[in-house]
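When a ligand or atom number is given, it counts from 1 through the structure's own listing order.
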Amino acid sequence: MNQAALILIKPDGLKKSLTGNILTRLSETKLEIVAAKMVRVSKPLAEEHYRHLKDKPFFPEIIKYLQGELHDRKKVMALVYWGKDAIKKCRELAGATNPEEADPTSIRGSYGRITTGGIYENVIHVSSDEKDAEREIKLWFSPDEIIVDLYPAREVIEKEHKASAWAQ
Ligand code: UDP
Ligand code: MG
């Protein structure tokens with residue numbers, strides 16, 4: 001069954017110059033990339049993304065982590081992969097949440113670490129199920145940024161919408 005999965009290359013992945021390695025590993029899945037962009041992560045976006053963990057003691061730290069405050073890289077790369085069993089395939093390649101427990105050949109097993117503060121710096125986020133994927137993709141992308149119709153969208157006419165355009 002065709003599925004979509006949100007992938008984030010987290011700030012530690014960017015700082016360690018792992019973008020190419022991670023995308024190469026993910027290309028083994030033969031899935032299609034249907035959206036991609038660099039994002040400067042606001043606190044509300046990070047908090048909404050990790051809202052299922054808001055009662056955990058490490059919540060404030062993973063918000064800082066996703067915002068890039070622990071790595072002096074205030075950005076993440078966000079992508080949507082699409083195709084047969086996308087979530088399972090991407091999660092398998094990513095490996096377990098805890099990099100020490102992840103298969104050593106997986107992305108997290110190869111490149112992740114546990115910080116002295118106890119946070120799992122695991123270089124990549126992958127949606128955990130279809131419901132989560134839909135919620136996350138709608139949070140990170142607008143319909144126009146995705147080149148296939150993943151979820152029903154409606155047309156809106158934006159009045160007095162402030163945006164930037166090239167000066168010349
Ligand atoms: N995390 C952590 N310690 C934990 C659990 C989670 O540092 O005990 C961090 C880790 O970076 C993880 C993120 O919080 O990727 C989100 O946790 P989740 O349980 O959703 O794991 P994931 O879906 O990323 O494997
Ligand atoms: Mg998760």
Mark up the atoms of ligand 1 that fall under 4.0 Å of a heavy atom belonging to Tyr65, in ascending order.
-> 11 (O)

Where the closest heavy atom to atom 11 (O) of ligand 1 is concerned, which of Phe58, Tyr120, Phe59, Tyr50 has it?
-> Tyr120

Please state which protein non-hydrogen atom is closest to atom 15 (O) of ligand 1 and give its distance, to 0.1 Å?
-> Asn122 ND2, 2.8 Å

So, does His49 sit close enough to ligand 1 that a heavy atom of it is under 4.0 Å from the ligand?
-> no

Shortest non-hydrogen pair, Ser106 vs Glu92, comes out as CB-O, 4.3 Å

Distance (rounded to the nearest 0.5 Å) between Tyr65 OH and Asp12 CG = 3.0 Å

Indicate yes or no: does an N/O atom of Arg91 lie under 3.5 Å from an N/O atom of ligand 1?
-> yes

Looking at ligand 1, does Lys10 have a heavy atom less than 4.0 Å from it?
-> yes

min-distance protein heavy atom vs atom 9 (C) of ligand 1 -> Ile62 CG2, 3.6 Å

Contact check, Lys56 vs ligand 1, heavy-atom distance below 4.0 Å = no

Of the options His71, Lys10, Lys15, Lys16, which is the one that meets Glu121 in a side chain to side chain donor-acceptor pair (under 3.5 Å)?
-> His71

Distance to 0.1 Å, residue and atom name: give those for the protein heavy atom nearest to atom 25 (O) of ligand 1.
-> Thr97 OG1, 2.5 Å

Nearest to atom 19 (O) of ligand 1 by heavy atom, Leu53, Asp129, Ile63: which?
-> Leu53

Report the nearest protein non-hydrogen atom to atom 24 (O) of ligand 1: residue, atom name, distance rounded to 0.1 Å.
-> Arg108 NH2, 3.0 Å

Report yes or no: does His52 have a heavy atom closer than 4.0 Å to ligand 1?
-> yes

If you count the atoms of ligand 1 from 1 in the order shown, which ones are under 4.0 Å from a heavy atom of Ile119?
-> 7 (O)

Candidate pair Met77 and Ile22, rule side-chain contact (heavy atoms from CB on, under 4.5 Å), full reasoning = CA-CA 11 Å; Met77 187 172 189; Ile22 291 171; over 6 Å; no

Look only at the side chain of Glu145 and the backbone of Ser142, and say whether a donor-acceptor pair between them is shorter than 3.5 Å.
-> yes

State whether Arg25 and Glu28 are salt-bridged, where the test is any N-O pair (Lys NZ or Arg NE/NH1/NH2 against Asp/Glu carboxylate O) under 4.0 Å.
-> yes

Report yes or no: is the cationic atom of Lys37 (NZ for Lys, CZ for Arg) under 6.0 Å from the centre of the six-membered ring of Phe141, at an angle within 45° of the ring normal?
-> yes

Classify the angle between the aromatic ring planes of His49 and His125 as parallel (below 30°), tilted (30 to 60°) or perpendicular (above 60°).
-> perpendicular

Hydrophobic cluster membership, Val76 vs Tyr81, 4.5 Å side-chain cutoff = no

